[in-house]
Amino acid sequence: MINGLWLIPALPFVSATLLILFGSRLSRKSIAAMGVGSIGLSAVVTALVAIGFLTAPPPGHAYTQVLWTWISVAGFQPQIGLYLDALSLVMIVVVTFVGFLIHIFAAEFMIEDESYGRYFAYMNLFVASMLTLLLGNNLLLVLLGWEGVGVCSYLLIGFWYREPANGRAARKAFIVTRVGDCAMMIALFLLFTQLGTLQIQDLMQRASMQWPVGSAWAFAAALLLLGGAVGKSAQIPLHVWLPDAMAGPTPTSALIHAATMVTAGVYLIARTHVLFSLAPGAQLAVGVVGAATLLLAGFSALTQHDIKRILAYSTISQIGYMFLALGVGAWQAAMFHFFTHAFFKALLFLGAGVIIEAVHDEHSIFRMGGLRKKLPIAFWTFLAGGCALAGLPFLTAGFFSKDLIIWQAWSAPGGHPAFWIAGMLGAGLTSLYTFRLIFRVFFGPVGIPVTKRPGVAMKVPLVILAAFAIVAGYFREPLLAFLHSALPATIEAHAGALTETGSEAIAGLLFVAGLYLAYAFHLQKRSFSDALVANPVGRALDQWWFAGWGFDWLYDKAFVQPFVWAANVNKSDFIDAFYTGLGRMADTSYRWLSSTETGHVRWYATAMAAGSVLFIAMVLFV
Amino acid sequence: MLNAAGLAFVVAGSRWHQADGQVMFVFILAMAAAEVAVGLALVLQIYYRFKSLDVDAISEMRG
Amino acid sequence: MELTFYIAGAVAVISTVLMLTQMNLVHALLYMIVSLLAVAVDFFVLGAPFAAALEAIVYAGAIMVLFLFVVMMLNIGKHAAETERQWLTPGIWTGPAILAAILIVEVAWLVQGSYAGLGTGATGPKEVGIALFGPYMIGVELASLLLLAGLVGSYHLGIRKTEIPEIQHDTDTDERRADTSGDLVLAGTDRSARTA
């Protein structure tokens with residue numbers, strides 16, 4: 001059963017190819033059947049492979065399937081090889097299962113779009129690339145999947161390409177992640193030249209043998225890999241693309257920018273955790289990046305008006321939690337949070353899609369209101385997802401995963417009280433902005449009347465995801481134990497005055513505090529929030545956080561404008577001048593020559609006489 | 001000018017006592033006659049079109 | 001003999017210069033005829049009587065007369081004399097004078113040292129005729145083709161479609177005729193529908 005591993009990325013890839021070639025000629029039913037069916041089949045195969053892996057674990061808890069040798073040059077033979085261990089198994093289960101539910105949702109959500117086939121082609125191609133990324137056994141294949149998801153992200157963000165703003169958002173996403181990709185490629189070059197291989201397992205072994213802890217090479221490689229991860233996972237400083245990426249269709253935002261692609265960075269760091277263990281400085285950098293991002297994004301989410309942008313900043317913040325976990329060495333906690341986050345974030349995005357469609361494409365939460373009566377299923381599932389995000393104690397998955405991270409930010413070997421405080425503060429912020437969103441959209445007076453209710457294909461995935469958002473938390477112990485085989489366990493190094501339950505209690509208190517503040521400001525007395533924004537200090541903070549702490553402005557001033565200036569200066573460089581000069585010379589000589597054609601007969605006669613005199617003189621004397 | 005060229009030919013023919021110089025002169029003469037006929041017809045056309053024989057007035061084919 | 005040659009040559013040069021500077025067009029043409037006749041005398045002295053005869057008959061007698069016909073037909077007269085007076089300023093002569101001077105220098109340089117006296121014996125019409133219808137037969141045919149082309153060309157170019165305003169026929173006062181005298185096609189037709 002495990003032998004069917006190659007089918008998992010192959011099925012969506014074949015479907016994508018067929019849809020690209022024939023999509024315009026097929027009916028919507030066929031397109032949906034192929035697009036959704038391929039992911040469904042892939043999910044089934046994943047389930048079978050998982051069962052096979054769990055019941056009869058292969059030696060070393062890792063299964064490698066080499067399909068063929070990709071390149072064969074002296075000293076460099078990367079293969080198309082798939083590597084299955086606990087880490088990749090968890091991830092592909094999530095990707096295929098959540099992807100399948102999102103595809104079902106998209107089948108109905110996008111039904112009126114004219115480029116239905118193109119959409120599913122891109123989505124399938126994306127899933128195929130993501131699975132390649134997750135299953136690749138060498139970093140070059142991972143890079144292939146990495147670039148593939150980047151391309152699909154660009155194609156899907158700019159799906160409605162007739163709007164120039166969508167194209168700009170797509171380009172921004174692609175270029176910003178490209179910066180990260182360059183760092184990653186340099187890391188690959190470094191690893192290959194120093195260690196001689198790109199096979200991940202061999203790489204990790206050679207690194208741990210050749211490089212001592214704290215070696216400069218390991219530090220450089222790990223830092224560069226962090227650079228790549230930061231781009232793809234939208235962390236500081238390369239996070240600016242994700243809020244704008246909400247220009248794409250909502251199922252895309254759910255799949256790519258919540259559940260799967262943005263976690264590719266987390267996967268990369270988890271996969272190469274040996275390098276990070278060898279370079280404590282780099283690991284600390286991971287943690288710092290994660291902590292800073294989760295706070296920054298949390299504050300920004302607090303001020304946004306667009307429902308999808310709130311969720312985008314929330315995603316950035318939650319992935320910050322995952323990075324924080326990786327930074328302190330809590331590998332399994334990071335993966336567990338990824339597991340739960342995929343469910344509730346996809347749920348929240350799909351719910352947002354339902355809401356947006358229902359209120360006729362309105363995105364601003366301040367214009368919506370009182371939707372809970374008209375969209376009951378959307379309301380209850382959204383509430384479940386929101387509570388999971390905010391961390392409702394004991395009832396939701398988010399509580400278990402987030403609190404594990406926060407606790408291990410304190411207690412893990414790499415932990416530090418500052419990280420714990422950041423995590424706690426972030427939890428409070430999360431609760432606050434989540435319930436601000438829920439109270440504004442679902443409660444209060446009705447803003448825009450509901451024009452469209454979701455159909456079955458949109459409701460069922462919501463319900464299933466909501467069920468998982470609640471239940472997934474109980475998977476904690478089995479999942480962590482399962483991941484032991486792939487990732488090192490996190491030992492409790494220093495607990496000090498705090499215990500895990502104590503930390504959980506404080507987190508629960510913060511949840512309630514956030515809920516109450518949101519209720520006070522956004523439901524009970526909405527004038528409070530207006531007054532807060534009217535206050536000069538409040539308004540300044542509001543605008544600053546609304547603009548994402550000014551990163552866009554900074555990048556524009558520091559990179560974009562100098563580059564544009566240099567390009568303008570260079571528009572007519574010396575090579576250009578040479579070629580324009582040729583043209584201009586031809587033009588000038590034309591003008592000289594044509595000025596001899598005056599039309600005056602006497603001038604012509606003079607010219608002839610002078611010419612013949614000259615000619616005779618030349619013949620005689622020269 | 002044609003006359004001058006013809007003079008040169010006749011002188012050359014007379015110097016070497018050959019008829020060829022005069023033969024060339026005859027040809028030049030025939031050519032001059034044809035040229036004058038056509039040229040004067042052109043002059044007539046210019047006069048009819050431009051109402052004057054100012055050679056500077058007919059400079060319409062400018063570069 | 002040689003003296004005749006030089007006198008005739010001088011007459012030719014002087015009359016040509018005079019032709020260039022005349023204000024009156026007919027006078028200029030008359031001077032040109034004098035110059036051509038002087039050159040004909042030169043030919044005779046050089047021993048080319050046939051060329052001399054041809055020069056007088058064809059050049060001076062046909063071509064220059066054709067010039068005179070056209071001049072008199074166009075009837076420019078006084079207006080042309082006045083404009084010539086305006087245009088022929090002394091400054092005009094500088095360019096042509098320089099070029100002509102250079103040419104004279106070149107010709108002088110060319111012919112220096114090759115001085116042979118006037119030859120004895122004339123090459124008469126008989127020799128020229130034998131040469132023309134012998135080796136130069138093709139040239140004769142080509143010349144006749146050239147003349148045909150000149151004939152057809154000058155006929156075609158001479159067609160006048162527009163009317164000359166100053167030529168008026170005022171013989172018939174009650175019938176207004178359009179002037180069709182220059183138009184070969186419509187000559188003599190009565191186009192009373194058109195106003196003059």
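Below, chain A is the first sequence line, B the second, and so on; all start at residue 1. Every heavy atom of this structure was used, including side-chain atoms; hydrogens, water molecules and symmetry mates were not.
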Select one option (side chain, backbone, both, neither) describing which atoms of Ala62(C) are under 4.5 Å from chain B's heavy atoms.
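Neither; nothing under 4.5 Å.
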Tell me, side chain or backbone of Phe69(C) under 4.5 Å from chain B's heavy atoms, or both, or neither?
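Answer is neither: Phe69(C) stays 4.5 Å or more from chain B.
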What's the separation between atom [atom1] in [X] and atom [atom2] in [Y], rounded to the nearest 0.5 Å?
X	Y	atom1	atom2	result
Trp93(C)	Ile98(C)	CH2	CD1	14.0 Å
Phe50(C)	Thr123(C)	CZ	OG1	12.0 Å
Leu99(C)	Thr94(C)	CG	OG1	9.5 Å
Leu40(B)	Leu157(C)	CG	CG	11.5 Å

Residue, of Asp42(C), Leu36(C), Leu151(C), that accumulates the most heavy atom pairs under 4.5 Å with chain B:
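Top count of heavy-atom pairs under 4.5 Å with chain B: Leu36(C).
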Under 3.5 Å, which donor-acceptor pairs link side chains of residues 126-148 of chain C to any protein atom two or more places apart or in another chain?
| residue | atom | partner | partner atom | Å |
| --- | --- | --- | --- | --- |
| Glu127(C) | OE1 | Gly124(C) | N | 3.0 |
| Tyr136(C) | OH | Asp20(B) | OD2 | 3.1 |
| Ser144(C) | OG | Glu141(C) | O | 2.6 |

Any side-chain heavy atom of Gln22(B) sitting closer than 4.5 Å to one from Leu54(C)?
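A side-chain contact is absent here, since even the closest heavy-atom pair is not under 4.5 Å.
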Decide yes or no for Met73(C) and Leu44(B): does some side-chain heavy atom of the first lie under 4.5 Å from some side-chain heavy atom of the second?
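Met73(C) vs Leu44(B): side chains touch.
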Taking heavy atoms only and a threshold strictly under 4.5 Å, list by residue number the residues of residues 14-21 of chain C that touch chain B; give 'none' if the list is empty.
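Against chain B, none of the residues of residues 14-21 of chain C fall inside the cut-off of heavy atoms under 4.5 Å.
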Does any heavy atom of chain C fall under 4.5 Å from the side chain of Glu35(B), the backbone, both, or neither of them?
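Contact with chain C is absent: no heavy atom of Glu35(B) under 4.5 Å.
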For the side-chain contact (heavy atoms from CB on, under 4.5 Å) test, which of Leu74(C), Val71(C), Leu68(C) pairs with Leu25(C)?
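Only one option passes, and that is Val71(C).
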